[in-house]
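First up is the structure itself, then whatever we jot down about it.
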Amino acid sequence: MFELDFIEVQEKWRSKWFTANAFEPSVSSEKKFFFTVPYPYVTGNLHVGHGRTYVNADVIVRFKRMSGFNVLWPMGFHITGTPVLAVSDKIAKNDPETIALYLEYVNAYEQDDAKTKEIVNSFKDPWAVVNYFSKKLVQDFQKIGVSIDYSRQFTTGDPEYNAFVQWQFLKYKEKGFLKQGDYPILYSASEKNAVGEDDIKDADTDAVEVQEFISIKSKLGDSFILSSTLRPETVFGITNAFVNPEGDYVQALVDGEKVFCSKAAAEKLSFQKHEVKVLKELKGSEFVGKIIETPLGKKVPLLPASFVNVENASGFVHSVPAHAPYDYVALQDLKKDKKHADLFSIVEGIELISVISVEGFGDFPAKEIVEKMKIANLKEKAKIDKATQDLYKLEFYQGRMKENCSQFAGLSVEQAKKKTGEWLKQEKKAISFYETSRPAFTRHGDKVIAAVLSDQWFLDYNSPDWKKKSFELLDELKIIPEQYKKQFHDVFEWLDKRPCARRRGLGTQLPFNNEWIIESLSDSTFYPAFYTIIKQIKANKIQPSQLKPEFFDFVFQGKHSIQEASKTTGVPIELLQSIKKEFDYWYPCDQRHTGTAHITNHLSFYCFAHTALLQKEKWPKSISLNELVISEGQKMSKSKGNVVTLHKLFAQYPVDLARLYLVNTADLGSKLDFRLKDLQALQKSFNKLIAVLSEIVIFSTHDSAEKETPMTKWMLSKFESAVKESTTALKENRIRDYSQKTFFDLLNSWEYFSSRATPEEEILVSKKIAEKWVKLLSPIMPFYCEELWSSLGKDFVSLQQWPVVSEELIDENAELEEDYLQNVLQDVRRISSLMKNKKIASAKIIVASKEKKTQAINLIQKHASPEELSTDALSEYLKKNFYSYRTKPELLELSEYDKLVSAKDFISESLGYPVVIEKEESSNEEKKEKAMPLKPSVLLSFTS
RNA sequence: GCAGGGGUAGCAAAGCUUGGUCAAAUGCGCAGGAUUGAGGUUCCUGUCUCUUAGGAGUUCGAGGGUUCAAAUCCCUUCCCCUGCACCA
């Protein structure tokens with residue numbers, strides 16, 4: 001038995017590959033294959049989700065390399081944005097959870113506890129995080145055996161990279177793709193800064209977003225009151241407004257107009273591009289009973305309601321009791337309220353106004369639903385919330401505006417909502433009021449509010465020419481698996497203006513405005529180009545300051561003369577030439593592989609960036625994708641503690657096994673559910689294959705008599721078919737198919753062959769398949785394959801030529817004969833199983849006569865359909881398989897008797913009792929009549 | 001709601017583009033047998049239902065259609081997952 005210490009084998013080949021620089025190609029005359037996978041983000045360890053993407057990628061790349069391509073697969077590291085910063089921040093503030101997490105991460109690499117602590121402590125500096133993990137990730141990658149060129153590493157924080165990204169944004173600006181405008185964001189007033197999800201308490205479990213309320217202006221004296229709603233379309237149904245009598249309100253000058261709103265609202269408005277000056281403060285109770293005039297000219301009363309929250313939006317709400325459960329219940333409560341007995345007649349006089357029709361409800365859905373759910377008063381908050389939500393959903397998606405809604409009559413609520421809001425704002429009858437979707441606080445405990453940035457930078461993916469060109473790219477782009485092409489199409493359609501810079505985080509500053517950091521998805525769209533040049537930039541010590549726009553103009557776009565470019569940048573002409581040559585050699589990117597999650601952003605931006613910056617010949621050629629990995633049926637997350645890190649995995653299982661598992665468990669287009677039990681089960685087959693293959697490799701060195709037999713023909717045919725099918729599958733990126741064929745099918749075939757064959761036959765076949773099979777498997781399990789290959793006295797199977805199919809060995813007949821034998825065996829077993837209580841002594845197998853076969857062939861050929869056949873036994877039999885015999889008449893020509901006789905011992909052994917083979921012509925048995933072509937008659941005899 | 005993907009035997013997962021060879025690969029699980037002191041491992045066999053001679057019946061979310069023939073093509077319908085932006 002072949003025993004290997006997998007840790008040792010892995011270490012050995014890892015170090016051999018990388019000391020020999022086996023995967024570091026340079027410009028040559030060979031045909032090239034430039035392949036990339038998005039660089040990982042460096043805030044922690046890699047997990048099986050990364051593993052899946054990188055292993056699939058590696059299989060593709062190894063196949064291409066063995067198929068004679070000059071393959072470049074480089075790697076860099078992504079550090080842009082807030083996450084690294086957030087980690088450092090938390091560690092600096094001694095956040096116990098973060099420290100524990102990072103102790104665990106670092107502990108995976110370090111032996112010494114004291115050292116681990118020291119390292120984690122150093123993470124107060126974000127660059128320490130970046131530097132530490134980028135080094136460790138390289139080690140991890142090398143451990144998985146992915147054949148990456150590590151000589152072109154960089155991080156997105158490197159000054160060379162900054163210059164490269166700045167150049168891109170200069171180009172976007174020149175083309176008019178970069179624009180500035182208003183944008184609402186989450187904001188902390190006390191920190192004077194934008195806040196992201198990672199800054200907000202509990203935002204990872206309970207997301208906070210910015211909502212746009214429409215605050216309509218209703219006249220009250222010489223001022224307006226601002227009442228807010230998320231449903232502007234109901235403005236036609238207003239019957240009154242509500243104020244919280246306990247609340248604090250102000251009168252303020254907002255953009256030159258006197259308005260009433262809550263005190264909190266006035267402050268918020270000042271962050272939303274409004275000039276706000278508070279004139280006086282007053283209590284909500286002072287508004288009760290006042291009559292206001294809505295923008296539609298209707299005079300309605302202001303009534304008290306405790307449910308109005310002055311901390312939310314403008315502090316007043318208008319009331320649409322026909323459609324809003326809260327409003328309806330509030331009015332009912334008010335009628336019963338003794339404190340406000342003076343208002344009774346006003347409330348009593350309010351008539352509900354219906355503005356939306358929706359199936360299943362009459363004129364006043366809110367009233368109906370409140371009555372149906374038996375909501376008694378405002379205290380039943382949970383019930384009212386539910387009623388509101390249900391009704392809103394129903395009306396929003398299914399409702400229509402009624403006749404009384406002027407120009408919006410007949411529209412769906414969905415459309416009317418947007419249009420009414422726009423209209424009110426345009427007519428200056430309302431303003432936008434941005435508010436957080438729930439009360440939220442930063443991790444430091446400051447209030448999070450919605451603010452409007454007036455100078456936010458956007459990339460306008462809707463620029464007509466840009467979008468058109470990008471669709472052109474998409475038309476030509478090969479997407480693997482194809483099913484995702486449509487999604488790309490839809491995403492391209494949908495892409496609009498997208499904010500592309502932030503006020504904080506690591507990364508590159510906007511070239512013309514250094515207060516802005518280019519946001520992390522926007523700085524990672526064109527970087528495959530960077531791999532082609534960074535090696536020479538670093539090797540020749542070109543300074544970041546030399547990487548002026550002219551440098552990139554020249555290299556990527558061929559602009560300026562080389563003399564000019566050299567003069568401006570101070571880069572020598574030959575060097576400039578050589579860098580451009582390298583870019584021109586490798587570009588375009590032939591294939592980019594990543595997870596499907598990136599389609600809606602990263603991959604789409606990647607396409608757009610290329611159409612904006614490069615000529616058509618340099619646009620990407622293909623994108624391949626794989627779905628995500630879940631763990632034991634659940635999404636992986638730190639909080640669930642079910643994240644499987646590659647580190648842990650490889651401590652216990654051979655890398656080659658894990659690689660096999662990751663490519664074989666699911667197709668690229670489906671989720672992979674990582675189950676430890678399955679992996680362990682797979683290990684059995686894995687060990688078996690290693691044992692079998694090692695044996696074959698040893699056999700292949702033995703001498704043998706060169707004599708082919710039906711069995712060797714069968715095995716070689718199976719093998720060569722597998723070579724053929726595997727190769728096709730790999731060419732089409734059907735990686736799972738390839739692994740099934742190369743690994744499982746062949747293993748099963750060999751096991752069967754081995755049970756049927758003599759040692760001589762095994763040696764004969766081994767000599768012909770050993771090398772090929774090792775090569776075939778090497779993309780999946782490179783470590784063991786290198787080990788086996790070296791035992792044949794050769795170097796680096798990873799760099800060998802992919803096996804060529806020996807078509808002449810594919811022998812359909814040999815395979816058919818063996819299938820036939822299996823069918824017969826199956827048949828005999830079936831019959832035996834029906835003989836429940838009898839012990840079988842022996843079996844007689846009677847093969848159909850020649851005459852019957854000829855007859856059968858005639859019948860099949862002379863008739864077009866099974867209906868035309870008559871009802872004799874042979875015809876009845878033929879009816880069942882009519883069409884398959886018709887398309888493959890050679891089936892019927894098989895020499896059944898010879899096959900069975902030659903396999904007689906095998907049949908007896910498999911069945912466990914002796915068998916006799918007879919021909920129908922020479923048999924004395926009555927049952928011989930039952931024999932049909934390909935279906936011999938079987939006669940069992942029993943021990944008494 | 002919009003967009004994309006999906007529903008296959010106890011479970012997981014192929015097959016669907018190009019209809020027949022599909023009661024449907026493969027793996028797990030389960031059952032019986034061999035091996036073993038026992039367990040595990042390994043090997044063989046079976047695993048939709050009925051059937052004491054190789055037969056029959058019912059299945060691929062549900063319902064309808066096209067066809068000599070449908071898991072595969074068309075229509076309708078129900079259910080599930082993902083994304084919906086400034087976040088890596």
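It should be emphasised that the depicted structure is a prediction, and the values quoted were computed from it without experimental measurement. Here is how names work: the chains are called A, B, and so on, in the same order as the sequence lines, proteins then strands, and each is numbered from 1.
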TODO: Mind calculating the distance between CD (A:Gln680) and C1' (B:G27) to the nearest angstrom?
DONE: 14 Å
Open item on the list: Can you see if the side chain of A:Arg675 gets near the phosphate of B:G27 - specifically, an N or O under 4.0 Å from OP1 or OP2?
Closed with: no
Task: B:G10 - base-pair partner by Watson-Crick or wobble geometry, distances under 3.5 Å - done: B:C28
Task: Nearest-nucleotide 5' precedence on RNA chain B, A:Ala666 against A:Glu482 - done: A:Ala666
Open item on the list: Of the options B:A88, B:A85, B:G27, whose atoms approach the side-chain atoms of A:Arg502 most closely?
Closed with: B:A88
Open item on the list: Can you tell me if A:Ser670 touches the phosphate of B:C81, counting only side-chain N or O atoms and a distance under 4.0 Å to OP1 or OP2?
Closed with: no
Please list each protein N or O that sits under 3.5 Å from an N or O in nucleotides 54-60 of chain B, with the distance.
unit_1, atom_1, unit_2, atom_2, d
B:G54, O6, A:Ser937, OG, 3.3
B:G54, O6, A:Val938, N, 3.4
B:G54, N1, A:Pro936, O, 3.2
B:G54, N1, A:Val938, N, 3.3
B:G54, N2, A:Asp827, OD2, 2.8
B:G54, N2, A:Pro936, O, 2.5
B:G55, N7, A:Arg830, NH2, 3.2

Between the protein and nucleotides 3-6 of chain B, which nitrogen or oxygen pairs are less than 3.5 angstrom apart?
unit_1, atom_1, unit_2, atom_2, d
B:A3, O3', A:Asp490, OD2, 2.9
B:A3, O2', A:Asp490, OD2, 3.3
B:G4, OP1, A:Lys486, NZ, 2.7
B:G4, OP1, A:Asp490, OD2, 3.3
B:G4, O2', A:Gln487, OE1, 3.2

Task: A:Asn601 side chain, from C-beta outward: closest of B:C87, B:G29, B:A25 - done: B:C87
TODO: Could you tell me which non-hydrogen atom of A:Val448 sits nearest to which non-hydrogen atom of A:Thr436, and how far apart they are?
DONE: O-CG2, 3.6 Å
Open item on the list: Regarding A:Leu940, tell me which of base, sugar-phosphate or nothing describes its non-hydrogen contacts under 4.0 Å with the strands shown.
Closed with: base
TODO: Using a cut-off of strictly less than 4.0 Å, decide whether A:Ser520 has a side-chain nitrogen or oxygen near OP1 or OP2 of B:A88.
DONE: yes
TODO: Look at all strands and tell whether A:Leu521 reaches a base, only sugar-phosphate, or nothing, counting heavy atoms closer than 4.0 Å.
DONE: base
Task: Residues A:Gln683 and A:Tyr653: side-chain donor-acceptor under 3.5 angstrom - done: no
Open item on the list: With a 3.5 Å limit on both atom pairs, tell me what B:C84 is paired to, counting Watson-Crick and G-U wobble, or say none.
Closed with: B:G1
Task: Closest to the A:Gln826 side chain, choosing from B:G46, B:A25, B:A85 - done: B:G46
Task: B:A62 versus B:A3 - spacing of their P atoms, nearest Å - done: 26 Å
- [ ] Give A:Asp667 one of three labels, base, sugar-phosphate or nothing, depending on what nucleic acid heavy atoms sit under 4.0 Å from its own.
- [x] sugar-phosphate
Distances for protein N or O near nucleotides 40-44 of chain B N or O, under 3.5 Å:
unit_1, atom_1, unit_2, atom_2, d
B:C43, OP1, A:Lys688, NZ, 3.1

